[in-house]
Amino acid sequence: QVQLVESGGGLVPAGGSLRLSCVASGRTFSSDYMGWFRQAPGKEREFVAGIRWSGSARNYANSVKGRFTISRDNAKNTVDLQMNSLKPEDTAVYYCAASKYGGGVDRMGSYDYWGQGTQVTVSS
């Protein structure tokens, strides 16, 4: 089992920045890929960004490219999401997720473990 705990959410004005952090514990060696998803009220959960524990590969949704940056700290088992130039449409609950094998990283079904989520609200 892998346990994931997110932090760093909050209320920020449009154009502002937030940094989300996800701490992984438990059998972290069993996961190959980490992702961030988000779910806005009344909408489906969607992929935001992802990164492998090893190597330099990163993936981003088109809607956040150039504004969000995902990074990892293998020693601390943390995956962060730096969010800049935030927009009201970025308002959502943000979830950290871990995938054992890393295939189809933009799909929810590819992930085996999920955090409880952290709320991000961007005011206009």
Side-chain angles (χ1 to χ4, degrees):
Q1 288 283 352
V2 176
Q3 292 78 44
L4 304 172
V5 179
E6 305 97 334
S7 62
L11 173 64
V12 62
S17 299
L18 277 176
R19 188 177 184 88
L20 306 183
S21 185
C22 173
V23 180
S25 61
R27 297 171 62 88
T28 56
F29 57 86
S30 66
S31 68
D32 175 68
Y33 195 90
M34 299 294 293
W36 282 96
F37 284 73
R38 66 186 182 187
Q39 187 167 17
K43 294 187 177 181
E44 294 186 352
R45 195 171 298 187
E46 63 176 3
F47 173 77
V48 175
I51 188 170
R52 290 192 184 281
W53 281 117
S54 61
S56 60
R58 289 164 171 79
N59 294 279
Y60 296 96
N62 289 334
S63 58
V64 306
K65 280 182 181 177
R67 300 188 298 124
F68 290 12
T69 302
I70 190 169
S71 61
R72 68 173 191 273
D73 185 328
N74 292 50
K76 296 181 180 179
N77 285 336
T78 59
V79 177
D80 290 353
L81 185 68
Q82 177 66 43
M83 306 186 295
N84 298 329
S85 302
L86 283 162
K87 305 174 181 179
E89 50 264 43
D90 294 318
T91 295
V93 177
Y94 282 70
Y95 297 90
C96 177
S99 172
K100 291 181 181 178
Y101 306 111
V105 296
D106 59 343
R107 299 196 299 269
M108 284 182 59
S110 298
Y111 291 82
D112 305 283
Y113 308 102
W114 292 84
Q116 293 299 307
T118 184
Q119 176 71 48
V120 171
T121 303
V122 184
S123 61
S124 57

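The basis for the numbers below is simple: all heavy atoms, side chains too, and nothing from hydrogens, waters or symmetry mates.
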Notebook entry, point to check: Looking only at heavy atoms, which two atoms of K43 and Q39 are closest? And how far apart?
Noted result: O-NE2, 3.1 Å

Next item on the list: For Y33 and G50, indicate whether the former's side chain and the latter's backbone hold a donor-acceptor pair under 3.5 Å.
Entry: yes

Check: Could you state the interatomic distance from CZ (R38) to CZ (R45), rounded to the nearest 0.5 Å?
Finding: 13.0 Å

Side-chain atoms of residues 100-110: list all donor-acceptor pairs with protein atoms under 3.5 Å, sequence neighbours left out, distances to 0.1 Å.
residue	atom	partner	partner atom	Å
S110	OG	G103	O	2.7
S110	OG	G104	O	2.7

Item checked: Minimum heavy-atom distance F47-N59, with the two atoms named -> CZ-O, 3.7 Å

Margin query: Between S63 and K87, does the side chain to side chain contact (heavy atoms under 4.5 Å, CB included) criterion hold? Intermediate values first, please.
Written below: CA-CA 11 Å; S63 58; K87 305 174 181 179; over 6 Å; no

Margin query: Nearest 0.5 Å, please: how far is OG in S99 from CG in D112?
Written below: 5.5 Å

Check: Which atoms form the tightest heavy-atom contact between S124 and A14, and what is the distance?
Finding: CA-CB, 4.4 Å

Notebook entry, point to check: Could you give the distance from CG (D73) to OG1 (T78), rounded to the nearest 0.5 Å?
Noted result: 4.5 Å

Check: Who else is in V12's hydrophobic cluster (ILVMFWY, side-chain heavy atoms under 4.5 Å, direct or via others)?
Finding: V2, L4, L18, L20, M34, W36, V48, I51, W53, Y60, V64, F68, I70, V79, L81, M83, L86, Y94, Y113, V120, V122

Next item on the list: First locate atom CZ of R58, then atom NZ of K65, and finally report the distance between them rounded to the nearest 0.5 Å.
Entry: 14.0 Å

Next item on the list: For E6 and C96, indicate whether the former's side chain and the latter's backbone hold a donor-acceptor pair under 3.5 Å.
Entry: yes

Next item on the list: List the atom of S85, the atom of R67, and the distance in Å for their closest heavy-atom pair.
Entry: O-NH1, 3.0 Å

Margin query: With a 6.0 Å cut-off (strictly less than), is the heavy-atom count around CZ of R27, excluding the residue itself, greater than 12?
Written below: no

Margin query: How long is the straight-line distance from OG of S7 back to CD of Q116, given to the nearest 0.5 Å?
Written below: 13.5 Å

Next item on the list: Please report the closest heavy-atom contact between A97 and Y111, naming both atoms and the distance.
Entry: CB-CD2, 3.4 Å

Margin query: For the backbone of R52 and the side chain of R72, can you confirm whether one donor and one acceptor N or O come within less than 3.5 Å of each other?
Written below: yes

Check: Under a single-linkage rule joining Ile, Leu, Val, Met, Phe, Trp and Tyr whose side-chain heavy atoms are separated by less than 4.5 Å, which residues share a cluster with V5?
Finding: none

Note to self: Testing the 3.5 Å rule here: is there a donor-acceptor pair between the side chains of Q82 and N84?
What the structure shows: yes

Next item on the list: With rounding to the nearest 0.5 Å, note down the distance linking CD in Q119 to CG in L11.
Entry: 9.5 Å

